[in-house]
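Along the sequence shown, residues are numbered consecutively beginning with 1.
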Amino acid sequence: MPEDITFNQPIIKYHNGAFIDQSDDIATEFPLTLYVNQQEFATIVCSPTNLEELVLGFLASEGVIFRRADIQNIHLDDSKGFCHITLNREIEQHYGQYTKRMISSCCGKSRQFYFVNDAATSKVSMTETKITAQEIFSMMDALQEQSTDFKQTGGLHNAAISDGKDFYIHRSDIGRHNALDKLFGYCIEKRIPIRDKVLIFSGRISSEILIKASKIGVGIILSKSAPTDLAIKLADDLNITAVGFIRNETFNIYSHPERII
């Protein structure tokens, strides 16, 4: 298995009318296939770091597990790109439901899901967390300062989870969902409550990212970029505060502004 999130690649650069031999840092791409109770479940294309966190967070966000104790054994075969997970129970849902596509609207409202399992595992936030404008800027500054691998490669997504004060954990991955799953997995492994935490994200807030945030269970998501229209509708419906364009001492609040004080 590649050990680093980046590798150095010889390249030829064209600059000012000349070809120059150089090297460049490239993001590492690693396929990891999950077997749950001896059945192939999913293949995640990811950065090869914090893989057990990734597996825990992914399985939890898909509703396969609810806590670390649901897993009897987890074995990562780094050399072959396999992870074998044995649960303490059978999966109640048919495997096909996790990837079966659908589009639905809930109770005449905006809640639209593209996968059956998203409708089953997304949660309406009940958080009472409130944060200040200064805490928003501080959390985004911390994310930007730790995004060194992105600055090297331009090919990674960065995310962090924080309480705005003392707790802050950062993860990077080539997959935007993977970065969030690694954070979720860390909190599951360490038994850290998530309901009072905030997600900080480097990319745009798409409907998929908003749904992932709701599965994790946070009530506030911050981004330096823009949301999509469906993400805003979902955020409003799922009681999540979405804040975007956090740049140069400004930001936009798109849903549930009562949590920003």
Side-chain angles (χ1 to χ4, degrees), residues 1-9 25-91 93-101 114-115 117-118 121 146-150 152-161 169-190 194 199 201-203 206 208-209 211-213 215-216:
M1 184 191 83
E3 296 179 353
D4 298 320
I5 202 167
T6 66
F7 73 98
N8 195 259
Q9 170 70 33
D25 289 321
I26 308 296
T28 302
E29 192 168 0
F30 179 71
L32 180 67
T33 299
L34 311 187
Y35 290 84
V36 177
N37 291 347
Q38 298 184 332
Q39 293 191 58
E40 185 173 343
F41 185 79
T43 296
I44 305 172
V45 180
C46 60
S47 299
T49 57
N50 307 105
L51 292 179
E52 187 162 331
E53 291 177 359
L54 172 62
V55 172
L56 291 175
F58 175 76
L59 293 179
S61 68
E62 292 301 307
V64 177
I65 65 170
F66 299 98
R67 59 192 67 82
R68 181 63 176 83
D70 290 336
I71 296 179
Q72 182 181 107
N73 182 60
I74 180 168
H75 175 67
L76 276 164
D77 187 343
D78 296 344
S79 63
K80 297 180 180 178
F82 295 143
C83 183
H84 298 270
I85 305 103
T86 304
L87 303 179
N88 290 317
R89 57 180 176 79
E90 293 298 320
I91 297 180
Q93 189 172 323
H94 189 273
Y95 275 47
Q97 294 294 94
Y98 291 96
T99 55
K100 183 178 179 181
R101 291 186 62 83
Y114 295 96
F115 293 94
N117 196 50
D118 288 344
T121 55
Q146 292 197 1
S147 300
T148 54
D149 290 320
F150 171 79
Q152 281 182 276
T153 67
L156 295 166
H157 294 279
N158 295 284
I161 190 166
I169 294 295
H170 167 267
R171 293 290 181 263
S172 296
D173 201 279
I174 59 167
R176 53 188 180 175
H177 304 89
N178 298 342
L180 299 184
D181 280 334
K182 287 177 179 180
L183 295 172
F184 195 13
Y186 175 90
C187 292
I188 291 170
E189 184 68 45
K190 304 296 183 182
I194 295 175
L199 274 180
F201 188 58
S202 63
S206 65
E208 294 173 307
I209 290 300
I211 289 170
K212 179 70 74 173
K215 290 179 177 184
I216 291 171

Among Leu54, Ile161, Ile209, side chain to side chain contact (heavy atoms under 4.5 Å, CB included) partner for Leu180 | Ile209

When Leu56, Leu76, Val55 are each screened for side chain to side chain contact (heavy atoms under 4.5 Å, CB included) with Ile85, the one that passes is Val55

Under the ring pair (Phe, Tyr, Trp, His ring centres under 6.0 Å) rule, collect the residues that match up with Tyr35, sequence neighbours excluded.
-> Phe82, His84

Reported [atom1]-to-[atom2] distance for the pair [X] and [Y], which is rounded to 0.5 angstrom:
{"X": "Leu183", "Y": "Ile216", "atom1": "CG", "atom2": "CD1", "result": "7.0 Å"}
{"X": "Phe58", "Y": "Ile44", "atom1": "CZ", "atom2": "CD1", "result": "4.5 Å"}
{"X": "Leu59", "Y": "Phe184", "atom1": "CG", "atom2": "CZ", "result": "10.5 Å"}

To check you understand the geometry: which heavy-atom pair defines the closest contact between [X] and [Y], and what is its length?
{"X": "Phe201", "Y": "Arg176", "answer": "CZ-CB, 3.5 Å"}
{"X": "Asp173", "Y": "Cys46", "answer": "OD1-CA, 3.5 Å"}
{"X": "Ile174", "Y": "His157", "answer": "O-CD2, 3.3 Å"}
{"X": "Gly81", "Y": "Phe30", "answer": "CA-CZ, 3.7 Å"}

Quick one: which of Lys182, Arg171, Arg68 gives a salt bridge (Lys or Arg N to Asp or Glu O under 4.0 Å) with Glu53?
-> Arg171

In the structure I gave you, are the side-chain heavy atoms of [X] and [Y] within less than 4.5 Å of one another anywhere?
{"X": "Tyr186", "Y": "Asn50", "answer": "no"}
{"X": "Thr43", "Y": "Leu32", "answer": "no"}
{"X": "Leu87", "Y": "Val64", "answer": "yes"}
{"X": "Thr33", "Y": "Cys83", "answer": "no"}
{"X": "Ser61", "Y": "Lys212", "answer": "yes"}

Applying salt bridge (charged side-chain N to carboxylate O under 4.0 Å, His left out), name anything that partners Asp70, two or more places apart in sequence or on another chain.
-> Arg67

Main-chain N/O of Asn158 paired to Ser202 side chain as donor or acceptor, under 3.5 Å = yes

Polar side-chain atom of Asn178 near backbone of Ser47 as donor-acceptor pair, under 3.5 Å | no

